[in-house]
Amino acid sequence: MMSLGVNCIIPHSLPHLDLLPPLTTINSPSFSSSLSNHSTPSISTRLNFHSGRNLSPVLRPQTSCYKKGRLPDAAMDLGKEPSEFRREFYPDIEPYSSGILKVSDLHSIYWEQSGNPTGHPVVFLHGGPGGGTSPNNRKFFDPEFYRIVLFDQRGAGGSTPHACLENNTTWDLIDDIEKLREHLDIPEWQVFGGSWGSTLALAYSQSHPEKVTGLVLRGIFLLRKKELDWFYEGGAAAIFPDAWEPFRDLIPENERDCFISAYSKRLNSEDMETQFAAARAWTKWEMMTAHLHPNEENIKKGDDDKFSLAFARIENHYFMNKGFFPSESFLLDNIEKIRHITTIIVQGRYDVCCPMMSAWDLHKAWPEAELKVVPDAGHSANEPGIAAELVAANEKLKNILKPDQSLK
């Protein structure tokens, strides 16, 4: 393993986000469905399913500093909804260590650790791909319980070279996660990922299931053609026509049969201004649709050429290559490898970027995973209802790891 690590704090380039106001419990509306391929029971308000298989998802506490007692049955434990589960962001914290890890002859990735140095490790997988991390990402986790690991994926955030597409594939990122885990001397960890981060979390867990103690997934994205067509080829335009037209109008009419391909041509142009113009349009389209209610701070990210270039180029690169998966059903086809891992899925009902159909398809293939549908939310992890469920999900997994400790 190649490594170049330093134990000093490196200031992060992205500013802290404001703390959200107090959050309230969000329950999903009741509905039912008949599923042809799975014997799933009717869905109640909490969307808590377990198949009848003799499988008991287990969250292993080997690396936690807390007293380790006998783990309760995960299905039974996740079925509870105690009012004591925290649902608000934790306060801002700073990293206690950070550094740069050289993961190949070309690429080096920025990483940081915060929270409890001897706590239960959790790794945060950011979205995009190309989005990078921000200080706000630390606040989903109890800093007294969790050893919180954030890193910027190849070409994103503080990783170098910036916006680089060479040797940048899903499988390279999976190798990077393993190199980082080994570099930090972590035997196994909880994995947390949303949007593209959910894609990468599933792919990593299926590649290394023995290293994953639990999963929290948000805004499910399986990188299938129908998902890409929905967002980039005109489907979501029916809901956001005003945001769609600037994205559409950058491309001449004779190239509009495939916007992903047309943008790829411009994002890889030899002319940097052409790259920047395409990157701004691509990024603004996503930022304008990421919240149920428009978020001006998020939309302004599209004006940041440094952020936009990495975000748009790397996203487009992955989408042009279909996630580098051998088939578009690859993640669903390999659920059996991770069926035993305790998992909570959080999905906004009105997520336009990653529509609920993907979370639903994942849950049908994996009924042991708990699905929480937030009825008044879109895509962003920072929307109040989504954030509440993500914090509560980490609290649930924490409660399994330390069942004899009182809940905060």
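We number each residue from 1, following the sequence as shown.
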State, with a plain yes or no, whether a side-chain heavy atom of T199 is found less than 4.5 Å away from one of L125. no
Residues passing the side-chain contact (heavy atoms from CB on, under 4.5 Å) test with E328, sequence neighbours excluded, are R224, K225
Looking at I338 and W366, what are the two nearest heavy atoms and their distance? O-CZ2, 3.3 Å
Quick one: pull up CG in N321 and CG in N316 and give me the separation to the nearest 0.5 Å. 9.0 Å
When rounded to the nearest 0.5 angstrom, what is the spacing between CZ in F325 and CG in L222? 9.0 Å
pair L173-Y204: side-chain heavy atoms closer than 4.5 Å: no
Could you measure the distance from the OG atom of S327 to the CG atom of D333? Nearest 0.5 Å is fine. 5.0 Å
Under the side chain to side chain contact (heavy atoms under 4.5 Å, CB included) criterion, do T170 and W196 qualify, and how do the steps go? CA-CA 10 Å; T170 303; W196 157 256; 3.5 Å; yes
Do Y350 and E383 have side-chain N/O donor and acceptor atoms under 3.5 Å apart? no
I would like to know whether E395 and K398 meet salt bridge (charged side-chain N to carboxylate O under 4.0 Å, His left out); could you show each step before the answer? CA-CA 5 Å; E395 295 294 294; K398 180 180 78 174; 3.0 Å; yes
Looking at CG of L101 and CG of L184, how far apart are the two atoms once the value is rounded to the nearest 0.5 Å? 8.0 Å
State whether the side chain of K102 and the backbone N or O of D105 hold a donor-acceptor pair below 3.5 Å, judged by distance alone. yes
side-chain contact (heavy atoms from CB on, under 4.5 Å) against N334, all qualifying residues, sequence neighbours excluded: Q206, F330, K337
Testing the basics here: between C258 and E233, what is the closest heavy-atom pair and its distance to 0.1 Å? CA-OE1, 3.5 Å
Is the centre of the W244 ring less than 6.0 Å from the centre of the F259 ring? yes
Determine the minimum heavy-atom distance between G132 and A156, stating which atoms define it. N-CB, 4.0 Å
F311 vs M287, test: side chain to side chain contact (heavy atoms under 4.5 Å, CB included). Steps then yes/no. CA-CA 11 Å; F311 186 79; M287 298 304 158; 3.7 Å; yes
Distance-only, no hydrogens or angles: does the T342 side chain make a donor-acceptor pair with backbone N or O of T213 under 3.5 Å? no
Flag side-chain contact, heavy atom, 4.5 Å: V103 against R154: yes
R147 side chain near T118 side chain, heavy-atom distance below 4.5 Å: no
Any side-chain heavy-atom pair of V391 and E88 under 4.5 Å: no
Counting N and O atoms only, with roles assigned by atom type, does the side chain of S159 sit under 3.5 Å from a partner on the main chain of G155, one being a donor and the other an acceptor? no
We want to know whether T289 and H379 form a side-chain donor-acceptor pair, criterion being a heavy-atom distance below 3.5 angstrom. no
Are any of the side-chain heavy atoms of S308 and F276 separated by less than 4.5 Å? no
Indicate yes or no for a side-chain donor-acceptor contact from H126 to the backbone of Q153 under 3.5 Å, with no hydrogens or angles considered. yes
Smallest separation among heavy atoms of S198 and G219, with atom names: OG-O, 3.8 Å
Would the W189 and F124 ring centres measure less than 6.0 Å apart? no
Between the side chain of R349 and the main-chain N/O of V373, is any donor-acceptor distance below 3.5 Å? no
So for atom CG, which belongs to D185, do other residues, nucleotides or ligands contribute more than 12 heavy atoms lying within a distance under 6.0 Å? no
Between F89 and F140, does the ring centroid distance fall short of 6.0 Å? yes
Do T169 and D172 pair up side chain to side chain, a donor and an acceptor below 3.5 Å, judged on atom types alone? yes
Heavy-atom pair of closest approach, residues A369 and H363: O-CE1, 2.7 Å
For S380 and H291, which I'm curious about, is there any donor-acceptor pair between the side chains at under 3.5 Å? yes
Looking at E178 and R181, does any basic side-chain N land under 4.0 Å from a carboxylate oxygen? yes
Look only at the side chain of W111 and the backbone of S97, and say whether a donor-acceptor pair between them is shorter than 3.5 Å. no
Distance-only, no hydrogens or angles: does the Y146 side chain make a donor-acceptor pair with backbone N or O of N394 under 3.5 Å? yes
Salt bridge E336-R339, side-chain N to carboxylate O under 4.0 Å: yes
Yes or no on side chain to side chain contact (heavy atoms under 4.5 Å, CB included) for W282 and E315, after CA distance, side-chain angles and deciding distance? CA-CA 10 Å; W282 179 284; E315 271 201 345; 2.8 Å; yes
Donor-acceptor under 3.5 Å (N168 side chain, C164 main chain): yes
The ring pair (Phe, Tyr, Trp, His ring centres under 6.0 Å) partner of F324 among F319, Y318, W171 is Y318
Does I148 offer a backbone N or O that forms a donor-acceptor pair with the side chain of R138 under 3.5 Å? no
Nearest-0.5 Å distance, CD1 of residue I177 to NZ of residue K211: 14.0 Å
Show the numbers, then the answer: is there a side chain to side chain contact (heavy atoms under 4.5 Å, CB included) between L200 and I174? CA-CA 8 Å; L200 184 56; I174 289 172; 4.1 Å; yes
Between NZ of K284 and NZ of K301, what distance do you get to the nearest 0.5 Å? 14.5 Å
So, W285 side chain and F231 main chain: donor-acceptor pair closer than 3.5 Å or not? yes
So, F192 versus F141, ring centres under 6.0 angstrom or not? yes
Could you tell me which non-hydrogen atom of L217 sits nearest to which non-hydrogen atom of I220, and how far apart they are? CB-CD1, 3.6 Å
Check whether the side chains of K396 and N399 place a donor and an acceptor atom closer than 3.5 Å, and report yes or no. no
Does a side-chain N-to-carboxylate-O contact under 4.0 Å join R280 and D303? no
